[in-house]
Amino acid sequence: MHAAVVSYLQVALDVPLQRTFDYLWAGPAPTVGSRVVVPFGKQTLAGVVVAVSAELDPARGLTVAQLKASQAVLDDMPPLPADILALCKFCSDYYAWPLGQVIAAALPGALRQPQPWQGGQALQFWQALDVTALLGQLSPRAHKQRAVAEALAVPRSIEQVRAVAHDGGRWLKEWIAAGWVVEAVPQADTAPPQASAHPDLTACQASAVARLNAAQGYQPFLLYGVTGSGKTEVYLREIEARLAHGGQVLVLVPEINLTPQLEARFRLRFPHEHIVALHSGLADGERTRNWLLAAQGRARIVLGTRLAVFTPLPHLALIVVDEEHDQSYRQQEGFRYSARDVAVYRARQAQVPIVLGSATPAIESWRNMREGRYTLLTLGQRAVTGAKPPQMTLISTQQQRLFDGLTQTAINTLRDCLDAGQQALVFINRRGYSPVLACHECGWIASCKRCDARLVLHREDRRLRCHHCGWESPPPAQCPDCGNADLQPLGFGTQRLEETLTGLFPDTPPLRIDRDNTRRKGSLDAMLQQVHAGEARLLVGTQMLAKGHDFAGLSLVVVVNADAGLFSTDFRAQERLFAQLLQVAGRAGRAGLPGRVLIQTRYHDDPFYPQLMSGDYAAFADRVLQERKANDLPPYSAWAMLRAESKTLMRAVTYLREAVQLLRTQPGIHAGAPIPALMMRKANQERAQVLVSSSSRPALQSAMRFLMGELLQKKAPGVRWYIDIDPSEA
DNA sequence: AGCACGCCGACT
DNA sequence: GTCGGCGTGCTC
């Protein structure tokens with residue numbers, strides 16, 4: 001007889017509590033990273049074991065009697081490997097978010113449930129023993145069945161079979177029972193990469209590929225090239241090289257709706273590889289299956305959105321972040337992280353190269369490149385011939401009156417375009433721009449005297465506020481420079497644009513395409529269909545239209561409120577605007593038609609516009625970097641936003657004031673004044689925020705850690721708070 | 001986050 | 001007399 005084995009497990013649970021919980025396990029110690037089912041209060045939860053010991057650590061301050069027993073150790077997934085746990089731990093510390101919730105974000109939904117995942121059979125693959133013989137059994141008119149049978153010439157999962165035909169799963173079951181189809185192992189590794197369809201590389205591409213090929217261990221690259229310069233081909237070549245050495249690659253892309261095209265291109269290029277997609281648009285089962293295939297090392301290419309950055313990849317050999325500047329790499333809800341930054345950390349941790357690709361790199365990445373931390377790979381020339389760069393024109397709104405946001409020049413040009421039977425896009429962007437008060441006569445802009453930042457107009461209480469330092473005042477009755485009494489926020493007047501256009505062009509009613517009216521599934525496709533069919537010729541769109549969609553008949557783009565983006569309180573707004581305008585300009589004149597882009601601005605003298613006109617992003621980025629340095633903005637200063645919500649604004653503000661007092665005891669920390677949030681009421685909660693900054697990242701980290709300790713101690717009835725590290729806007 | 005316990009208003 | 005409002009307190 002031998003003594004009963006007892007292990008003590010530290011378990012991370014998906015609860016908003018900054019600690020792990022300890023459980024007993026009557027049996028041999030499970031592997032760290034295992035999924036367990038544990039009782040928690042009255043609930044039963046799934047958790048992940050983050051530490052195991054044979055004795056209860058007295059430092060935990062618990063007695064054995066206080067511990068409950070873990071109910072089960074699940075084996076439906078391989079235990080989370082040490083590198084992923086370490087990555088989660090890093091994120092938990094860096095982003096000040098509970099470890100259990102970071103881990104939960106890293107797992108697909110089915111593996112967050114306190115039941116074993118039942119979809120294991122979806123990991124099996126099936127293949128017809130003899131396709132010809134099977135086809136001979138089928139009715140020649142059963143086209144769907146025949147298609148499924150043909151697909152089974154190579155190993156297929158049940159999802160893949162269902163994708164071929166709706167009833168595919170049922171037929172598969174029948175054929176398995178009849179012995180026509182047997183389980184098979186995909187032969188990903190034995191098939192040599194096909195030497196098919198490799199386009200010739202330009203000199204720039206060839207040199208980029210050569211330098212990527214030579215990379216060993218951790219090496220970050222910034223692949224900088226205009227649209228059409230062939231960044232994807234560079235990724236594909238490098239991926240091919242890394243796969244040839246038995247590696248896995250992680251490819252991150254910004255949006256779900258861009259994935260199908262790219263995925264198709266990857267599948268075409270690597271027909272014998274397991275390529276799995278990972279994004280929130282997948283059904284739970286498929287996402288879990290894809291995640292497991294990657295974690296088992298069976299899928300060698302993972303193509304996913306930001307959440308894919310946490311996928312376990314035992315043979316990780318390369319990370320690609322496409323359109324690395326894109327805002328959708330930032331999770332804005334709950335566990336707020338930047339997938340690009342996490343990807344860089346992961347590449348260093350795994351000692352593999354990482355390629356950050358963009359035509360308009362994030363200023364942070366540009367700085368890393370300029371300071372020698374990232375290697376620059378430039379793709380200069382256009383690989384795709386034919387597409388001529390559009391002709392860009394500025395229209396100064398200084399001389400021309402605006403009619404609901406449109407100049408006469410813009411109206412005339414739109415009319416000419418529509419009369420000629422072509423398509424036009426009026427591009428507005430009002431997302432994320434704070435109302436910045438300006439004089440539309442002389443160009444004066446309300447700015448903070450103390451920090452040089454733009455002031456924001458808070459309409460609720462008619463106050464101007466600096467989101468940087470908290471200074472506030474009532475808005476001036478008239479322009480301090482020219483005396484004009486009609487001060488309006490930049491970008492005002494675009495609200496009624498759609499009606500105005502309807503009135504101006506009754507024969508070609510505008511079609512508005514934005515987030516609000518495309519939320520319903522399929523509605524975007526229906527609208528795009530109308531555009532392609534030429535039924536809609538006048539489009540009104542937001543940045544949704546800037547990405548990805550090509551319209552053959554589109555020859556004119558009018559940008560109506562660029563200035564609202566140029567003078568935003570968001571210090572990142574300029575680079576976003578630059579990227580967006582370059583992108584939207586690329587929409588015009590795709591198919592031989594000469595493209596024209598009209599940009600209305602009151603501030604045509606701003607250095608922004610000449611740099612935009614010449615497409616000189618490098619000059620723009622260097623200038624922005626200098627400005628950021630001069631004004632002590634990120635990345636030259638580390639920022640965190642402390643946000644609080646409560647029933648009343650007073651409470652949230654008072655709470656933040658106390659937090660500011662605490663922060664000011666910390667060395668090297670600057671904390672401003674609490675500011676009411678612009679979108680104030682959200683779910684009946686008033687919100688306020690305060691900006692915390694430091695010239696030293698470690699100082700900021702330790703101050704926030706200190707603050708969290710203090711805030712967790714003191715109880716604040718009805719106040720919820722959280723910390724946003726590296727916030728995307730002020 | 002859940003889910004309890006816990007004291008004060010309108011109702012089978 | 002009870003059902004139920006959500007304040008506050010805890011979860012190994």
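Note on naming: letters A, B, ... go to the chains in the order of the sequence lines (proteins, then strands), and numbering restarts at 1 for each one. Since the structure is predicted, the reported quantities are computational estimates derived from the model, not experimental observations.
With hydrogens and angles left out, the side-chain atoms of S434(A) and T569(A) include a donor and acceptor closer than 3.5 Å. For the 3.5 Å distance criterion, the side chains of R60(A) and T20(A) qualify, holding a donor opposite an acceptor.
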Please tabulate, one pair per line, all N/O donor-acceptor pairs under 3.5 Å involving side-chain atoms of residues 45-57 of chain A, not counting sequence neighbours.
unit_1: S53(A); atom_1: OG; unit_2: E55(A); atom_2: O; d: 2.7
unit_1: D57(A); atom_1: OD1; unit_2: A59(A); atom_2: N; d: 2.9

For residues 72-92 of chain A, which side-chain donor-acceptor pairs fall under 3.5 Å, sequence neighbours excluded?
unit_1: D76(A); atom_1: OD1; unit_2: R35(A); atom_2: NE; d: 3.1
unit_1: D76(A); atom_1: OD2; unit_2: R35(A); atom_2: NH2; d: 2.9
unit_1: D76(A); atom_1: OD2; unit_2: W117(A); atom_2: N; d: 2.6
unit_1: K89(A); atom_1: NZ; unit_2: D93(A); atom_2: OD1; d: 3.4
unit_1: K89(A); atom_1: NZ; unit_2: D93(A); atom_2: OD2; d: 3.2
unit_1: S92(A); atom_1: OG; unit_2: W97(A); atom_2: O; d: 2.7
unit_1: S92(A); atom_1: OG; unit_2: L99(A); atom_2: N; d: 3.4

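In this structure, R720(A) places its CZ atom 13 Å from C1' of dG2(B), rounding to the nearest Å.
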Protein-proximity profile, nucleotides 7-12 of chain C, B/S/- by nucleotide at the 4.0 Å heavy-atom cutoff, equals -SS-BB
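Looking only at distances, a side-chain donor or acceptor of Y329(A) sits under 3.5 Å from a matching main-chain atom of L252(A).
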